[in-house]
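To start, the structure under review is shown below, and the notes come after it.
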Amino acid sequence: MKYQNRQKAIILLADGTIFYGKAVGNKQGTAFGEVCFNTGMTGYQEIFTDPSYFGQLMVATNAHIGNYGTNIDEVESDSIKISGLIVKNFSYEYSRDNADGSLEEFLNKNNLLAISDVDTRALVSYIRDHGAMNAVISTEVDDVEGLKKQLADVPKMEGLELASQVSTKEAYFYGDENATFKVAALDIGIKKNILRNLASRDAYIKVFPYNSKFEDLEAFNPDGYFLSNGPGDPEPLTEAQEVAKEIIKRDLPLFGICLGHQVIALANGVSTYKMHNGHRGINHPVKNLITGKGEITSQNHGFAVNREEAEANTDLEITHIHLNDNTVAGLAMKNKNCFSVQYHPEASPGPHDSSYLFDQFIENIKKRSTIKTY
């Protein structure tokens, strides 16, 4: 058996609770972050590389992780973004024909600490009851007091700005420069599959750093604007909120996903709040209040829009709700060309029930009388 004498490891939560496991492979060390869980049965590689998970220790609820290996085409950014991985059973061998390597190799390449043989059902139950909190995973099992001191210095997710840690440093282009439409995308943690979805709908995208001004985006002379997903608390993203306000003021086509959705709410004076657990998985039920149809969606967020404030805002309409807890899952402005959703219609990983939202964005662009031909 591979790695018969693996290093012992612990998970230490901020409230002092400890869970036990073993290091994956020969990897040793310590990693800090907010502990959270994802209920997806598949799509672990996409999850690990999603910038929205930056700074988080990921607990996989599926009992087997790594069994289908990895594939270079299934990454959502240029590197792993989670700070550490916690699983029940780690598969060192894989059986998928088109895999280009094992998950162990992928984790080692990205220098990520992972621990397995954890009672993840008990850990997830604890998180569900007590809420997401900071934690540390470590092979330094004999220095619990030292780990507690280090953990106490880790900032909480509430109030934490992380978009700057994952955003592009320089603007770049994606897609066919001869496409019919031009879209300016503000990168506050954008996923590659969002760009693929826009490009497949005849859009040429210029992706801008998180702290870009509206004038920077406007200089691209785009037909539409996009605010991406991303990690951390949306409230500190004041520059992104100002960009959203300027786009809305000019009534230009605007679409926001996840963190971008929250930024649009804040730009309209509607607050956001830290959720007890958040929504993370590929089986979250949403109801479209406009069509009456249900959607199974991919979600990944720890903050949400204040529903009471959204309902009281005369400029906004709640278009989608999460059926598990009735939180706001979608917004549209009544008299502006602007809409957003809290979930991930690019579905990577996840179902494709919501891909129509990209079509809706393109239709909103087409409706503008100032469409240009390139």
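Since the structure is predicted, the reported quantities are computational estimates derived from the model, not experimental observations.
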- Atom of Ala203, atom of Ala179 and distance for their closest heavy-atom approach: C-CB, 3.7 Å
- Task: Begin from the C-alpha positions of Tyr53 and Asn38 and carry the test side chain to side chain donor-acceptor pair (under 3.5 Å) through to its verdict.
- Result: CA-CA 11 Å; Tyr53 282 116; Asn38 187 292; 2.7 Å; yes
- Message: Set out, in order, the CA-CA distance, both residues' side-chain angles and the distance that settles side-chain contact (heavy atoms from CB on, under 4.5 Å) for Glu218 and Leu252, then state yes or no.
- Response: CA-CA 10 Å; Glu218 183 186 34; Leu252 302 169; over 6 Å; no
- Message: Under the criterion ring-ring contact (aromatic ring centres under 6.0 Å, His included), I'd like the reasoning laid out for Phe90 against Tyr92: C-alpha separation, chi angles, the key distance, then a yes or no.
- Response: CA-CA 6 Å; Phe90 189 89; Tyr92 294 93; 5.1 Å; yes
- Task: May I ask you to check whether Asn283 and Thr39 show a side-chain donor-acceptor distance below 3.5 Å?
- Result: yes
- Just wondering, more than 12 heavy atoms not from His276 lying within 6.0 Å of its NE2? yes
- Message: Between Glu46 and Lys191, does any NZ, NE, NH1 or NH2 come within less than 4.0 Å of an OD or OE carboxylate oxygen?
- Response: no
- Using a strict cut-off of less than 4.0 Å between a Lys/Arg side-chain nitrogen and an Asp/Glu carboxylate oxygen, indicate whether Lys109 and Glu105 qualify as a salt bridge. no
- Task: Check the angle between the aromatic planes of Phe255 and Phe358 and answer parallel, tilted or perpendicular using the 30° and 60° thresholds.
- Result: perpendicular
- Message: Pairing donors with acceptors under 3.5 angstrom, does anything connect the side chains of Asn300 and Asp50?
- Response: yes
- Arg96/Glu74 salt bridge by N-O under 4.0 Å criterion: yes
- Query: Distance only, no hydrogens: is a donor on one side chain within 3.5 Å (strictly under) of an acceptor on the other, for Ser271 and Glu309?
  - Reply: yes
- Output yes when a side-chain donor or acceptor of Thr120 lies under 3.5 Å from a complementary backbone atom of Val87, and no otherwise. no
- Derivation and outcome, salt bridge (Lys or Arg N to Asp or Glu O under 4.0 Å), residues Glu34 and Lys156: CA-CA 8 Å; Glu34 182 187 63; Lys156 295 181 179 180; over 6 Å; no
- Message: One pair to check against side-chain contact (heavy atoms from CB on, under 4.5 Å): Gln56 and Met157. What are the steps and the verdict?
- Response: CA-CA 9 Å; Gln56 293 181 308; Met157 192 64 72; 3.9 Å; yes
- List the atom of Asn306, the atom of Val270, and the distance in Å for their closest heavy-atom pair. O-CG1, 3.7 Å
- Message: Between Tyr126 and Asp15, does the side chain to side chain donor-acceptor pair (under 3.5 Å) criterion hold? Intermediate values first, please.
- Response: CA-CA 11 Å; Tyr126 192 88; Asp15 66 0; 2.5 Å; yes
- Query: Aromatic rings Tyr68 and Tyr44: how do their planes relate, parallel, tilted or perpendicular, breaks at 30° and 60°?
  - Reply: parallel
- Would Glu140 and Gln28 satisfy side chain to side chain donor-acceptor pair (under 3.5 Å), going step by step from the backbone distance to the final call? CA-CA 8 Å; Glu140 299 175 20; Gln28 298 183 36; over 6 Å; no
- ILVMFWY cluster, Val59 and Phe54 together (side-chain gap under 4.5 Å): no
- Is a side-chain N or O of Ser167 found less than 3.5 angstrom from the main chain of Ser164, in a donor-acceptor match? no
- Would Ser354 and Glu295 count as having a side-chain donor-acceptor pair, cut-off 3.5 Å? yes
- Query: Cluster question for you: counting only ILVMFWY and a side-chain heavy-atom cut-off of under 4.5 Å, with indirect links fine, are Ile82 and Val166 together?
  - Reply: no
- Item | Phe173 and Tyr204 aromatic ring geometry - parallel, tilted or perpendicular at 30°/60° bounds | parallel
- Task: Could you walk me through whether Phe208 and Val243 pass side-chain contact (heavy atoms from CB on, under 4.5 Å), step by step?
- Result: CA-CA 12 Å; Phe208 292 84; Val243 170; over 6 Å; no
- For Asn324, does its backbone N or O pair with a side-chain atom of His322 as donor and acceptor, under 3.5 Å? yes
- Item | Charged tip of Lys182 within 45° of Phe220 ring normal and under 6.0 Å | yes
- Query: Is any NZ, NE, NH1 or NH2 atom of the basic residue among Arg201 and Glu363 found under 4.0 Å from an Asp or Glu carboxylate oxygen of the other?
  - Reply: no
- Item | Pair Glu235-Gln241, side-chain donor/acceptor within less than 3.5 Å | no
- Message: Donor-acceptor check, side chain of Asn268 to backbone of Ala265, threshold 3.5 angstrom: yes or no?
- Response: no
- Task: Test side-chain contact (heavy atoms from CB on, under 4.5 Å) on Asp119 and Tyr20 and set out the steps.
- Result: CA-CA 8 Å; Asp119 187 347; Tyr20 297 93; over 6 Å; no
- Query: Taking the side chain from His320 and the backbone from Leu331, do they hold a donor-acceptor pair closer than 3.5 Å?
  - Reply: no
- Message: Under a 3.5 Å threshold, yes or no: a donor from one side chain and an acceptor from the other, between Tyr356 and Asn288?
- Response: yes
- Message: Would you compute the distance between atom CG of Leu151 and atom CG of Leu13 and round it to the nearest 0.5 angstrom?
- Response: 8.5 Å
- Heavy-atom side-chain proximity of His261 to Val328 below 4.5 angstrom: yes
- Is there a chain of hydrophobic side chains (I, L, V, M, F, W, Y, each step under 4.5 Å between heavy atoms) that links Ile47 to Phe37? no
- Query: Does the Asn110 side chain pair with the main chain of Ile80, one donor and one acceptor, at a distance under 3.5 Å?
  - Reply: yes
- Item | Test: Asp117 and Arg6 ion pair at under 4.0 Å | yes
- Query: Are the side chain of Gln299 and the backbone of Ile282 linked by a donor-acceptor contact shorter than 3.5 Å?
  - Reply: no
- Item | Intermediate values then yes/no, salt bridge (Lys or Arg N to Asp or Glu O under 4.0 Å), Glu311 and Arg307 | CA-CA 6 Å; Glu311 289 175 334; Arg307 180 163 180 172; 3.0 Å; yes
- Message: With a sphere of 6.0 Å drawn around CG of Asn326, does it hold more than 12 non-hydrogen atoms of other residues, nucleotides or ligands?
- Response: yes
- Message: Please check: side-chain N/O of Asp233 versus main-chain N/O of Gly159, any donor-acceptor pairing under 3.5 Å?
- Response: yes
- Val35-Val141 co-clustered via ILVMFWY side chain contacts under 4.5 Å: no
- Asp100 side-chain N/O to Ile72 backbone N/O, donor-acceptor pair under 3.5 Å: yes
- Nearest 0.5 Å please: distance from the CD1 atom of Ile86 over to the CG atom of Leu123. 6.0 Å
- Just do the side chain to side chain donor-acceptor pair (under 3.5 Å) check on Thr168 and Asp187 with the steps written out, would you? CA-CA 7 Å; Thr168 183; Asp187 177 12; 5.0 Å; no
- When you check the side-chain N and O atoms of His301 and Asn229, is any donor under 3.5 Å from an acceptor? no
- Could you check Asp251, Leu254, Leu227 and say which one makes a side-chain contact (heavy atoms from CB on, under 4.5 Å) with Cys338? Leu254
- Message: Please determine whether residues Leu57 and Leu113 belong to a single hydrophobic cluster, defined as Ile, Leu, Val, Met, Phe, Trp and Tyr linked transitively by side-chain heavy-atom distances below 4.5 Å.
- Response: yes
- Message: Could you tell me if the side chain of Ser348 sits less than 4.5 Å from the side chain of Glu76, heavy atoms only?
- Response: yes
- Query: Ignoring hydrogens and geometry, is there a side-chain-to-backbone donor-acceptor pair from Thr297 to Tyr343 under 3.5 Å?
  - Reply: no
- Flag yes if more than 12 heavy atoms outside Lys274 fall under 6.0 Å of its NZ atom; otherwise flag no. yes
- Message: To the nearest 0.5 Å, what is the distance between OG on Ser340 and CG on Leu316?
- Response: 8.0 Å
- If you count the non-hydrogen atoms of other residues, nucleotides and ligands that lie under 6.0 Å from CG in Asp129, is the total more than 12? yes
